[in-house]
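Comments concern the structure below.
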Amino acid sequence: MNQNITIIQIFHWYTSNDGQWWNTCTEHAKDLAERGITHVYLPPAYKSAWGNSEPGYSVYDLYDLGEFDQKGTVRTKYGTKEEYLNCINEFHKNNVAVIADIVLNHKQGGDEKESFLAKPVHLENRNDFTGEPIMIESFTKFNFPGRKGKYSKFEWNHLAFTGVDEEKDGNKVIYSIQNEYGDKWEDVMEEEFGNYDYLMGADIEYRNESVREEVINWGKWYVETTGIDGFRMDAVKHISPSFIKQWIVALKEHFDKPFFVFSEYWQGNVDALIKYLDVTENVTQLLDAPLHYNFYEASLQGNEYDLRTIFDGTLLQQRPEMTITFVENHDTQPLQSLESPIEFWFKPLAYAIILLRQQGIPLVFYPCIYGACYSEEKDGTMHEINLDKVAEMDILLNCRKDLAYGEQTDYFDHPNCVGWVRHGVEEKENSGCAVLISNGDDGFKEMEVGKQHAGKVYIDCTQNIAEEITINKNGVGNFLVKEKSVSVWIIKNS
């Protein structure tokens with residue numbers, strides 16, 4: 001029987017920019033494999049418009065993995081190309097698959113300005129043009145002088161973009177580029193701001209067939225060069241869904257193998273996520289942002305939150321087979337644009353939910369295992385942020401690796417105390433567990449683990465409860481949990 005899939009996001013937004021991150025990840029490979037991590041999701045590996053001071057989400061050159069002297073540096077924020085490839089190889093040696101973070105929505109840091117026709121649009125309704133076409137100048141020509149045509153001679157210009165933003169009289173102005181591919185934005189599914197094709201920088205024009213061909217060719221080069229096993233697709237709600245489908249299918253067909261693909265469509269409304277899955281014909285799984293927001297609200301509300309509703313309005317509830325669950329990530333951590341950090345007391349409960357249940361594939365955030373601290377200025381104030389390790393993570397990960405298998409029975413019958421049983425499988429001796437969480441007072445619940453376990457002794461492997469529980473002749477135990485905590489009950493000596 002295959003081991004449960006468990007992914008780790010092995011970075012956070014404020015990871016050090018000293019160029020040592022690929023080496024740090026390499027050092028973690030054996031440890032993570034032993035903890036039960038099966039897939040590691042690495043940050044964007046290519047050159048940022050801001051050189052080595054920012055992550056690769058501000059995409060400059062997709063082909064520069066820390067190889068060329070561009071934007072004032074050879075290495076990226078995380079290190080050199082050689083170190084990146086060595087990192088991937090080390091994870092492969094430890095039987096951990098590698099997922100690459102792919103940003104295909106925009107480019108920034110153009111090398112030369114161009115003049116072209118563009119229409120200004122209303123910031124709150126991108127379909128509303130606020131003026132007639134005018135000639136503007138913008139950095140939309142990318143010729144990558146440091147790379148000098150190695151790997152690809154494709155030069156990006158304004159015909160490869162749908163829009164740009166510029167500062168005018170101290171204000172941000174978004175322009176829709178008027179070109180042969182249309183005088184409006186591309187059709188995307190997200191209707192926020194009228195049309196959310198444009199996010200930032202120079203927005204890529206996927207109605208241009210040469211652009212589609214170039215990005216598909218880059219994908220093939222990237223897989224051949226790095227040997228990665230899958231992709232995390234960034235900001236897909238801003239990209240033509242037809243191209244996302246085309247890109248993924250093209251790579252799967254070219255290499256004649258499956259890739260593990262999941263995408264970020266950041267939307268709190270689950271209906272939008274389901275619609276996207278339908279339109280793209282399930283070529284990618286999606287991050288469950290609605291579940292994250294449920295965790296966030298539950299952590300803020302304490303015992304006023306009804307735990308029976310924790311899955312309401314989530315992708316996990318409606319399309320579990322297409323769901324990547326997570327508690328926090330680099331976008332939700334303190335000082336980021338989508339800041340919504342889970343209160344620390346609730347993190348063990350949330351991680352128990354994503355790690356020990358049958359539905360969904362969990363994505364673990366690096367700081368919850370190793371901790372993180374950083375300093376950052378925001379609004380004129382320097383902030384010192386500490387993201388502490390979650391003490392229960394080792395136990396929860398081990399339970400997922402060794403015990404959390406088999407069918408699931410839910411006991412979601414109390415607003416402040418809920419639980420479930422995983423009944424185990426024959427292939428894994430003593431597998432199965434009984435999980436109880438409370439967001440209020442100490443709690444208890446009778447749960448059936450099965451008559452085959454009659455007379456067996458169960459212990460709380462989190463050590464929150466010291467008592468041992470003996471299963472009665474009907475296979476039922478009276479399981480306990482302390483206030484605002486999680487207890488994971490397993491067969492003693494399992």
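Side chains are part of it too, since the values below use all heavy atoms of this structure and drop only hydrogens, waters and symmetry mates. Since this is a predicted model, take the numbers as computed values, not measurements.
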Sub-3.5 Å donor-acceptor pair from the side chain of Glu376 to the main-chain atoms of Leu335, do we have one?
no
Assign the ring pair Trp221 / Trp218 to parallel, tilted or perpendicular, where the plane angle (0 to 90°) is split at 30° and 60°.
tilted
Using a strict cut-off of less than 4.0 Å between a Lys/Arg side-chain nitrogen and an Asp/Glu carboxylate oxygen, indicate whether Asp388 and Lys347 qualify as a salt bridge.
no
Going by atom types alone, do Tyr198 and Asp203 pair a side-chain donor with an acceptor below 3.5 Å?
no
Is Arg35 paired with Asp31 through a side-chain N to carboxylate O contact shorter than 4.0 Å?
yes
From Leu287 CG over to Met233 CE, what is the distance, rounded to the nearest 0.5 angstrom?
12.5 Å
Step by step, would you call Phe11 with Lys77 a side-chain contact (heavy atoms from CB on, under 4.5 Å)?
CA-CA 12 Å; Phe11 66 99; Lys77 173 177 178 174; over 6 Å; no
With distance as the sole test, does Lys47 use its side chain to make a donor-acceptor pair with the main-chain N or O of Val74 at under 3.5 Å?
yes
Any Asp64 side-chain heavy atom under 4.5 Å of Lys71 side chain
no
Using the rule ring pair (Phe, Tyr, Trp, His ring centres under 6.0 Å), only one of Tyr206, Trp156, Trp185 pairs with Phe161; which is it?
Trp156
If we only count heavy atoms from C-beta on, is the Phe346 to Val327 side-chain gap below 4.5 Å?
no
Donor-acceptor pair, distance only, cut-off 3.5 Å: does the side chain of Asn195 make one with the backbone of Asn127?
no
For Tyr351, the side-chain hydrogen bond (donor to acceptor under 3.5 Å, both in side chains) test, sequence neighbours excluded, returns none
With a 6.0 Å cut-off (strictly less than), is the heavy-atom count around CG of Asp187, excluding the residue itself, greater than 12?
no
Would a line drawn from the ring center of Tyr60 to the ring center of Phe144 be shorter than 6.0 Å?
yes
On a heavy-atom basis, the closest approach of Lys184 and Arg207 is O-NH2, 2.8 Å
So which atom in Ser240 and which in Arg212 form the shortest heavy-atom distance, rounded to 0.1 Å?
OG-NH2, 3.8 Å
Can you tell me if Thr280 uses its side chain to pair, donor with acceptor, with the backbone of Tyr276 under 3.5 Å?
yes
Do Ser340 side-chain atoms and Leu338 backbone N/O form a donor-acceptor pair below 3.5 Å?
yes
For the side chain of Gln408 and the backbone of Arg357, is there at least one donor-acceptor N/O pair under 3.5 Å apart?
no
Residues, nucleotides or ligands: over 12 heavy atoms within 6.0 Å of Lys252 NZ
yes
Before you tell me yes or no, could you show the steps for Leu62 and Tyr222 under side-chain contact (heavy atoms from CB on, under 4.5 Å), namely the whole-Å CA-CA distance, both residues' side-chain angles and the distance that decides it to 0.1 Å?
CA-CA 9 Å; Leu62 289 169; Tyr222 193 82; over 6 Å; no
Do you know the tightest heavy-atom contact between Asp402 and Ser431?
O-CB, 4.0 Å
Tell me which pairs pass ring pair (Phe, Tyr, Trp, His ring centres under 6.0 Å) where either residue lies in residues 81-107, with sequence neighbours left out.
Trp22-Tyr84
Decide yes or no for Ile228 and Val223: does some side-chain heavy atom of the first lie under 4.5 Å from some side-chain heavy atom of the second?
yes
Those residues that, when tested against Tyr57, pass side-chain hydrogen bond (donor to acceptor under 3.5 Å, both in side chains) (two or more places apart)
Asp101, His330
Measure the spacing between CD1 of Ile37 and NZ of Lys401 and express it to the nearest 0.5 Å.
11.0 Å
Verdict with supporting geometry, Tyr265 and Glu190, side-chain hydrogen bond (donor to acceptor under 3.5 Å, both in side chains)
CA-CA 9 Å; Tyr265 190 115; Glu190 183 57 46; 2.9 Å; yes
Under a 3.5 Å distance rule, please check whether Arg422 uses its side chain to pair with a backbone N or O of Gly406 as donor and acceptor.
yes
Looking at every heavy atom in both Pro55 and Tyr78, which two are closest together, and how far apart are they?
CB-OH, 3.6 Å
Run the side-chain hydrogen bond (donor to acceptor under 3.5 Å, both in side chains) test on Asn329 and Tyr41 for me, step by step, so that the C-alpha distance in whole Å, both residues' side-chain angles and the decisive distance to 0.1 Å come before the verdict.
CA-CA 12 Å; Asn329 68 8; Tyr41 142 39; over 6 Å; no
Taking the side chain as every heavy atom from C-beta outward, state whether Trp21 and Glu83 have any atom pair closer than 4.5 Å.
no
Just by distance, no angles: are the side chains of Asn17 and Ser53 close enough, under 3.5 Å, to form a donor-acceptor pair?
no
Nearest 0.5 Å please: distance from the CZ atom of Arg400 over to the CD1 atom of Ile354.
8.5 Å
Looking at residues at least two apart in the chain, or sitting in another chain, which of them share a side-chain hydrogen bond (donor to acceptor under 3.5 Å, both in side chains) with Asn398?
none
Show your working on side-chain hydrogen bond (donor to acceptor under 3.5 Å, both in side chains) between Tyr374 and His12 and close with a plain yes or no.
CA-CA 10 Å; Tyr374 54 94; His12 61 89; 5.9 Å; no
Just to verify, what does Asp61 make a side-chain hydrogen bond (donor to acceptor under 3.5 Å, both in side chains) with, not counting sequence neighbours?
Gln70, Arg147
When you measure from the side chain of Tyr411 to the backbone of Glu448, do you find a donor-acceptor pair of N or O atoms at a distance under 3.5 Å?
yes
Please assess Glu192 against Gln267 for the test side-chain hydrogen bond (donor to acceptor under 3.5 Å, both in side chains), listing each intermediate value before the final yes or no.
CA-CA 10 Å; Glu192 189 176 355; Gln267 172 60 264; 5.1 Å; no
Any side-chain donor near an acceptor of the partner, Gln336 and Tyr14, under 3.5 Å:
yes
Any cation-pi pair here, Lys150 with Phe68, using under 6.0 Å and within 45°?
no
When rounded to the nearest 0.5 angstrom, what is the spacing between CD in Glu214 and NZ in Lys153?
12.0 Å
Once side-chain contact (heavy atoms from CB on, under 4.5 Å) is applied, do any residues pair with Glu27, and if so which ones, sequence neighbours excluded?
none
Using the salt bridge (Lys or Arg N to Asp or Glu O under 4.0 Å) rule, take Arg319 and Asp278 through it: C-alpha gap first, then chi angles, then the decisive distance, then the call.
CA-CA 11 Å; Arg319 293 283 182 88; Asp278 290 342; 2.9 Å; yes
Could you check whether Gln108 and Ser58, counting side-chain N and O atoms only, form a donor-acceptor pair closer than 3.5 Å?
yes
Which heavy atom in Ser263 sits nearest to a heavy atom in Thr284, and how many Å separate them?
OG-OG1, 2.7 Å
Donor-acceptor pair, side chain of Asn52 and main chain of Arg75, under 3.5 angstrom:
no
Are side-chain N/O atoms of Gln317 and Thr314 paired as donor and acceptor at under 3.5 Å?
no
If you draw a 6.0 Å radius around CD in Gln359, do more than 12 non-hydrogen atoms from other residues or ligands fall strictly inside?
yes
CG of Leu363 to CZ of Phe262, rounded to nearest 0.5 Å, is 5.0 Å
Nearest 0.5 Å, what's the SG-CG distance between Cys368 and Leu397?
7.0 Å
Keeping the roles fixed (side chain from Asp410, backbone from Trp420), state whether a donor-acceptor pair exists under 3.5 Å.
no
